[in-house]
Amino acid sequence: MKKANKKEIINALESIAVYLEIKGENSFKVSAYRKAANALERDERTIDDIKDPASLQGIGKGTAGVIDELVQTGESSLLKELKNDLPDGLLPLLKLPGLGGKKIGKLYRELEVVDVSTLRKACEEKKVQVLPGFGEKTEEKILAALEEFGKRPERLTIAQMIPVAELIKDRLNEMDGIIRFQLAGSFRRGRETVKDLDFILSTKEPEIVGEQIATMKNIKEVIGHGETKISLELQFDDLIVPVDFRMVTDEEFITTLHHFTGSKDHNVLLRQRAKEKGEKISEYGVVQEDTGEVKTFQSEEEFFKHFGLTYIPPEVREGRGELEVYTENHPLIDLGDIRSDLHMHTTWSDGGNAIEEMIEACRERGYEYMAITDHSKFLRVANGLTIDQLLRQHEEVRKQNEKFSDFTIFTGIEMDILPDGTLDYEEEILKNIDFVIASIHSAFHQDEKTIMKRFKRAMENPHVAMIAHPTGRVIGRRDGYSVDLDQLIEMAVETDTILELNANPNRLDLSAEWVEKAQAAGAKIAINTDAHHVAWLNHMQVGVKTARRGWLKKETVVNTWSSDELRRFINKHR
Ligand code: DGT
Ligand code: CA
Ligand code: CA
Ligand code: ZN
């Protein structure tokens, strides 16, 4: 069984506290679990290095037992038991703003609320406002939140879709009768949000394949089941994902794949091109209009060649001039060009893995160098490093670095730009750090002028190498702060400060649109995962895809350079 890492253990302890609150256990017991979670969070060591959790202040015998079980089995029987005891519909209510364990516990125990509909009914019957600690305003707020809660968002984020896409691919790989398949549509083009997933399959036995698809796990509803097209809605907890499957013969596969990869605008332009040649493009092939002869293709390269084009990557098939550009090769940044990841966290701040684990994972990916960049002291909620911790960590990083002759580990920091524009560490400290990132994580409400002043001060500091996630947005959840990106790009060019394309699929910050503008202005971009866990290093793929949507070339992206080249660039003004 998989051992739990530190972050998973902290999450489990926090969940136990919430569930105990819902059950109405005494607050002493509840806070014991919170204290234990905090104690682990405060300690910078990995869970393996903390040999005896009970020795930490804030962790008692009972909570230490739970931690040990999580370390050894990856699970907690107490947590499981609590989950089983509580109605399934109750836990999703925790996502409603303003409702924590305490309040949900009261609703459950005093009003027999067990899910969304019983909560709505209790509000409508005005029973909630009379509970101690609630009130008329709270009741109104809950009702308003419930209104939003039931709505389905029009488009799903790529972060939600990646695991679903992977799961469906695994299932198709196991099915009988499929010759080949590929994911098309907006997902293949790398858009930030998608309406649905579009799979193209080739088969000689559409009936057999269709039957397997229509009976797969997690189906909420079969929307349509025709001879060659099946539309499903799959459900994973409260996430509902529409998926289209289209089955064609293997000869037709390439033209169908191209057609359903889109975009619509790209298809329209290519069809015009065909018309000029006296041809018509359909899903099934290219038709010679006078003879009716249908031509099919072995590959998309061959398909594009037929129209006098080289291969057009899906990411730029948006009808924005790609037919003019791809008359000859126009190489975009490729995942294989990436030689490092320059933004990641460890257990020293709010990451889930130790320095050594991050190093090992980066080496496994074939990188040549990397930077360890934990949070700075201002960011207390993320366990930002005090100066003392920072110095000790960097000593540790340098020691690790000496182990390798073929790999370089930069010391680093993700330093907060404080609300008043000052930086979290003094010159004396910054000058000794290899890779200094500056970020805004606070005072999002400030006006654009104030935000820009904060950035200006950071970028003019000779030690600041990069601005991370420049807008602070979280896709589908928050817009970020007010930033004038045109001006930020200008300042980046003037000060030789790198701008980040944060590859976390919830962020993609800068977006494709803005990295394109940054490249045009001559700014440099780093694509980084901001990984808080080794598994997140994999988001590099999503970042590169986004960069390709912004037509980025290899030269623009600093983590395709050698470590020496990058070091020279960041030390130019120091
Ligand atoms: P979305 O909205 O995120 O699902 O975006 P797409 O691009 O995946 O759109 P979808 O799923 O409606 O259709 C997949 C592709 O199929 C689309 O990119 C282009 C092609 N397609 C679908 N309907 C039409 C159409 O009416 N005209 C043309 N030219 N192409 C279409
Ligand atoms: Ca689609
Ligand atoms: Ca579709
Ligand atoms: Zn950050």
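Indexing begins at 1, ligand by ligand and atom by atom, following the structure's order. Computed over heavy atoms, backbone and side chain alike; hydrogens, waters and symmetry mates excluded.
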Validation row: [X], [Y] side chains within 4.5 angstrom (heavy atoms):
{"X": "His533", "Y": "Lys7", "answer": "no"}
{"X": "Asp530", "Y": "Asn528", "answer": "no"}
{"X": "Ile230", "Y": "Met247", "answer": "yes"}

Query raised in the report: Once rounded to 10 degrees, what value does the angle at the Zn ion (ligand 4) take between OE2 (Glu414) and NE2 (His469)?
Result: 100°
Requested in this report: Starting from the Ca ion (ligand 2), look over the N/O/S atoms of Asp196 and name the nearest one.
Outcome: OD1
Query raised in the report: Nearest to the Ca ion (ligand 2), which N, O or S atom of Asp198 do we find?
Result: OD2
Query raised in the report: Do you know which of Thr255, Thr256, Thr249 makes side chain to side chain donor-acceptor pair (under 3.5 Å) with Glu252?
Result: Thr249
Query raised in the report: Does Asp244 bring an N, O or S atom to under 3.0 Å of the Ca ion (ligand 2)?
Result: no
Requested in this report: State whether Lys169 and Glu166 are salt-bridged, where the test is any N-O pair (Lys NZ or Arg NE/NH1/NH2 against Asp/Glu carboxylate O) under 4.0 Å.
Outcome: yes
**Report entry** Pairing of Arg188 and Glu300 as salt bridge, 4.0 angstrom limit
**Finding:** yes
Under 2.8 Å from the Zn ion (ligand 4), can any N, O or S atom of [X] be found?
{"X": "His343", "answer": "no"}
{"X": "His441", "answer": "yes"}
{"X": "Asp530", "answer": "no"}

Report task. Using distance alone, determine whether Arg189 and ligand 1 share an N or O pair under 3.5 Å. Result -> yes
**Report entry** ring pair (Phe, Tyr, Trp, His ring centres under 6.0 Å) assessment of His266 paired with His258
**Finding:** CA-CA 10 Å; His266 167 86; His258 175 268; 5.1 Å; yes
Report task. State which residue, out of Arg320, Arg548, Arg549, fulfils the salt bridge (charged side-chain N to carboxylate O under 4.0 Å, His left out) condition with Glu516. Result -> Arg320
Return the option from [options] holding the heavy atom at the smallest distance from [atom].
{"atom": "atom 1 (P) of ligand 1", "options": "Ser186, Ala184, Gly185", "answer": "Ser186"}
{"atom": "atom 10 (P) of ligand 1", "options": "Arg188, His266, Lys195", "answer": "Lys195"}
{"atom": "atom 11 (O) of ligand 1", "options": "Asp196, Asp265, Thr256", "answer": "Asp196"}

Query - Mutual orientation of the aromatic rings belonging to His375 and His532 [parallel < 30°, tilted 30-60°, perpendicular > 60°] - result: tilted
Requested in this report: Pick one of side chain, backbone, both or neither for how Arg155 approaches ligand 1, counting any non-hydrogen atom pair under 4.0 Å.
Outcome: side chain
Query raised in the report: So is Thr261 in contact with ligand 1, going by heavy-atom distances below 4.0 Å?
Result: yes
Report summary line: So the atoms of ligand 1 within less than 4.0 Å of a heavy atom of Val194 turn out to be 3 (O)
